[in-house]
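In what follows, chains are A, B, ... by sequence order, proteins preceding strands, each numbered from 1.
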2 protein chains.
Amino acid sequence: MNIQTPIANAIPTGERPGSRKVYQPGVLWPDIRVPFREVAVHPSANEPPVTIYDPSGPYTDPTAKIDIEQGLSRTREPWVVSRGDVEIVENPREVKPEDNGHAKGEHLAPQFTAPRRVYRAKGGAAVTQLEYARRGIVTPEMEYVAIRENLRRQANDGAIRDGEDFGASIPDFVTPEFVRDEIARGRAIIPANINHTELEPMAIGRNFLVKINANIGNSAVLSTVADEVDKMVWAIRWGADTVMDLSTGRNIHNIRDWVIRNSPVPIGTVPIYQALEKVNGIAEDLNWEVFRDTLIEQAEQGVDYFTIHAGVRLPYIPLTAKRVTGIVSRGGSIMAKWCLAHHRENFLYEHFEEICEIMRAYDVSFSLGDGLRPGSIADANDAAQFAELETLGELTKVAWKHGVQVMIEGPGHVPMHKIKHNVEKQLEVCGEAPFYTLGPLVTDVAPGYDHIVSAIGAAMIGWFGTAMLCYVTPKEHLGLPDREDVKQGVIAYKIAAHAADLAKGHPTARAWDDALSRARFEFRWEDQFNLGFDPETAREYHDESLPKEAFKTAHFCSMCGPKFCSMKISQEIRDTAAKQNDVATGMAEMAGKFRDGGGEIYVKTE
Amino acid sequence: MNIQTPIANAIPTGERPGSRKVYQPGVLWPDIRVPFREVAVHPSANEPPVTIYDPSGPYTDPTAKIDIEQGLSRTREPWVVSRGDVEIVENPREVKPEDNGHAKGEHLAPQFTAPRRVYRAKGGAAVTQLEYARRGIVTPEMEYVAIRENLRRQANDGAIRDGEDFGASIPDFVTPEFVRDEIARGRAIIPANINHTELEPMAIGRNFLVKINANIGNSAVLSTVADEVDKMVWAIRWGADTVMDLSTGRNIHNIRDWVIRNSPVPIGTVPIYQALEKVNGIAEDLNWEVFRDTLIEQAEQGVDYFTIHAGVRLPYIPLTAKRVTGIVSRGGSIMAKWCLAHHRENFLYEHFEEICEIMRAYDVSFSLGDGLRPGSIADANDAAQFAELETLGELTKVAWKHGVQVMIEGPGHVPMHKIKHNVEKQLEVCGEAPFYTLGPLVTDVAPGYDHIVSAIGAAMIGWFGTAMLCYVTPKEHLGLPDREDVKQGVIAYKIAAHAADLAKGHPTARAWDDALSRARFEFRWEDQFNLGFDPETAREYHDESLPKEAFKTAHFCSMCGPKFCSMKISQEIRDTAAKQNDVATGMAEMAGKFRDGGGEIYVKTE
């Protein structure tokens, strides 16, 4: 049971370089404290600090007391309880040996032991953000999200709205009422299980900032409790907005407990993975009862969203037989095997309404799994993929009927020219429910670099309207990601998400780029490092060439050297332009005359 | 003078893992030998080997004798001489002290001493591929390119043409006549200085495979001869199609000699950099004579293309004064400073026809520099950028008039929604001359990761019609790239270029992806490694999780472990489908009936 100390030691804490953790309170709900990362720039710039979206939780708050054995503070518990529609589960489901793959003795990961109450809806009601939104209630979660998305901007601050949003409805300023309305329409979700009260609420929707997900998880082959908790904290430190625990080996239950209790971001899972473990890995032995039991187990733990592969229907399976890479989704292939073995319809599809009834009692959101997503360029946008998507559209409406929040998973491997169609079809078929895609990878030929391959597709699909991008690490197709891979994957996806926000014309996006570019132009090296996604690496790269401290204030860089600097020359041009009337105004006029005159020869005015 | 040994030792030679160097002869010109990299797959696949475009030169040919002091074999010399339109320059320009920045003694890099002849056109004629093409001559260079672009495909082999090419004219099969026609129209170039006879010819054009350029070069601060030659060989080993030598410090001349004499790919330079060194770094002291002298110096050395910033016209400079990042092109800022200091039109613009006369006598191609490209998202697609582009269009026509080959440089920093307009405008304004862009970077906020940021923009702009993508390394904006950075930059850009080829529907593109995906599906691990851009890294990543040799033939991977493998399950589905008629055909019918029946409930047939 002495695994706690190594876990605690491994957890990365403290502020990011050049950053300060700040909070903004609510107005409707004055007790909420929405966190941001504030990066102050050098006083010489005479500019306000830049506020950056911050999913890293209390780990980057130097005043927070981090105690992994206690878990994070349960800030949301009063919000949940005060709504008056939940009850304490007097006899929560007990942990069974099969929940941890029958691990015993030294092979059994320690339980998370700090006591907590387990909640569920009274009388099977829907206690979901969707249900509240429909009733016109602005929850604390909704106001939290509104404040968070504005990044401390004021309404009507004249932000630049230069972009192409393909029919999205991104507001100039996010009000709590706007959040409520988006949730009520099903165009956004706030994944927030009533049993995950450690959560800092966030929204996933096309009219909000593009989010990213990082996957963690042990497998039969690798990993331990300490690694997974550390990876979760590490992933959010670099900017992951949600984390999926894809564990498949032993100790799934106990590891998940540690992860959720210490996670400020929504945790997603694929319950069929654990259900399969409970039937000793034999897909044919899966059944509704073991799956239902697993849903309740995980809902009581506080999982915020479930990937459910209910769209892998029996009649679609033959559509995959001639694919180059068949079915590459683990969940999809498990369900396909079950369907074929029994020659019966997918039991997740048949029991979908019962699944909804369970999920709405805890506010677990659906992530409707794309079990038939393409695993290669050859299989992109094929009949199997789109048949499943039609079914996901049908199931979206069923979930909404039950008041359950829904997002839709998407591919996969898709060449650039086929990406846009995925978004258009998803929006149409699924009634604008948020799209959540894995990449997509735009070629198959770069094993070892699939974070880059997929960041290309992710940036594009995010621009077109995808709400959340599931990261891919350099180890994709080759092995399980380690800490460095997680970081590389998260940063590649932060880039993709921000590039998408910029191209959509999101009103908070441009200010950040402009602040960094001004720092670059003015050789404020420290500001340039600190405003980037990875200040430590930027500084290290700079110092490799120019190690001395003086070079951090030098008005040149190693690319050109002191004599030969384009930024320096540019500054001289600007200074000259400011001094010379004929340059600043006369020359501009002259340029006009020149162009009017046919542009062949420049005639001097003196 | 003992620098040769360390150089020779550093040069990376030998075949790439799992690859074999093969050659295909010409038909019109039987002596030409076009190199390819052939990757054989495991016999169990029962598939032909995959042929990959190979710019790595003799360094990856185990039978080639590499002697850095002699340089590569001058294969093209008979081709050049036999055309009968060139003469030996009896008194080639002698190396002057200022050519090497007055470096002396131990600071002077050794000269490349192996003797060679220097050629130029007889009587100032155009000895360019463009001129030959217009005359209807299919040169060996053109047939070489045709063979190279087909990657050993046969005509009418039924390659998949699934893509969106935005009006490009990519043929099913590249004939020498097609190459000639593209060159004659100015839609493609073959950069091939008559004094770079070590060259393996390649084409840059929208209707050919997308190419990538890697930059090398010392600066006043860093680097040596050995580093630069090694970086060139290293860059082409990973797939760079051309290399620009952007040296700015001392020893520019001597380093360039070593690089060109050992380079099988076109070498580009920015002559104004060296001209500036010759006037001690004082932009105001630049003049036509020193520039002209530099052009001849470099043309006689064998530089294949010159970046010439003739579009930075005096009237455009005020348009940059209010930019966030001013002028970020080094060449652009030098010329802007000169223009402002003298309040005169850019002397490169005024002497443009004389520049053409020099370049056509050696077949140096223009890379018309975008000195006013945007250096930040804020400045993208602005008046300064597009004013210069209009002038580049005007200059393109002048160059064509003189029979000089031309490509056009493009940005820079551009958000995704503004990328396409760049290509459309360039194609229109510059009469479809090949576009050659730096990235573009789709956000400014990721210093340390700009290879990824810019690979996103590069893939998109390549898809839209850009012919060559200039790489960006992780050190962009921070420092000078080292060997590892060069590799990372090249691979990111190989990904972008191939993704663009795929999306354009280039007939050679899909076969590669499909071969790798089949290997992936069939757990042919070695094939998956070898078919990727970086077999060594893919293998290393795999082995971190599953080190034993047995796992390289294992039908599972570390992501799911042996019991839980989606590929394995997929294979079972395929096997089942093959066995069961009702699955393979009956179920497909059933699926049709099901959908026809409204898709609500699946009715079993038994």
Side-chain angles (χ1 to χ4, degrees), chain A residues 164 219-221 281 315 318 321 324-327 330 333 337 340 345 376-378 415-417 442-448 452 456 459 463 475 478-480 495 498-499 502-503 513-514 516-517 521 532-534 537-538 541-542 545 558 561 563 566 569-570 574 576-577 587-588 591 594 602, chain B residues 164 219-221 281 315 318 321 324-327 330 333 337 340 345 376-378 415-417 442-448 452 456 459 463 475 478-480 495 498-499 502-503 513-514 516-517 521 532-534 537-538 541-542 545 558 561 563 566 569-570 574 576-577 587-588 591 594 602:
Chain A
E164 164 58 59
S219 82
V221 182
V324 168
T325 45
I327 299 177
R330 283 183 281 180
S333 60
K337 189 167 185 186
L340 281 190
E345 184 53 281
S376 56
I377 293 297
M416 284 190 285
H417 65 293
V442 296
T443 169
D444 303 336
V445 298
I452 299 177
I456 295 169
W463 174 29
K475 290 276 169 62
L478 297 169
L480 281 178
I495 290 168
H498 183 69
L502 260 183
D513 290 74
D514 291 355
L516 192 142
S517 287
F521 186 71
F533 285 119
D534 183 356
T537 297
Y541 285 177
H542 175 269
S545 306
S558 58
K563 276 200 309 196
S566 59
I569 294 175
S570 241
R574 193 178 284 189
T576 311
M587 274 186 55
F594 160 78
Y602 170 59
Chain B
E164 163 57 59
S219 82
V221 182
V324 169
T325 45
I327 299 177
R330 284 183 280 180
S333 60
K337 189 168 185 186
L340 281 191
E345 184 54 281
S376 55
I377 293 297
M416 284 189 285
H417 65 293
V442 296
T443 169
D444 304 334
V445 298
I452 300 178
I456 294 169
W463 174 28
K475 290 277 168 63
L478 298 169
L480 281 179
I495 290 168
H498 183 70
L502 261 182
D513 291 74
D514 291 354
L516 192 142
S517 288
F521 187 71
F533 285 118
D534 183 356
T537 297
Y541 285 177
H542 175 269
S545 306
S558 57
K563 275 198 310 195
S566 59
I569 293 175
S570 241
R574 194 178 284 190
T576 310
M587 273 186 54
F594 160 78
Y602 170 59

With chain B as the partner, which of A499(A), G532(A), P447(A), G448(A) has the greatest number of non-hydrogen pairs under 4.5 Å? P447(A)

Counterpart residues, ring pair (Phe, Tyr, Trp, His ring centres under 6.0 Å), relative to Y541(A) (two or more places apart): none

What pairs with S376(B) under side-chain hydrogen bond (donor to acceptor under 3.5 Å, both in side chains), at least two apart in sequence or on another chain? T325(B), D379(B)

Go through K337(B), H417(B), E164(B) and name the one with the most non-hydrogen pairs under 4.5 angstrom from chain A. H417(B)

Would you check if V445(A) and F533(B) make a side-chain contact, meaning some heavy-atom pair closer than 4.5 Å? yes

Measuring heavy-atom distances to chain B, does L516(A) have an atom under 4.5 Å in its side chain, in its backbone, in both, or in neither? side chain

Rounding to 0.5 Å, atoms OG1 (T443(B)) and CG (L502(A)) come to a distance of 5.0 Å

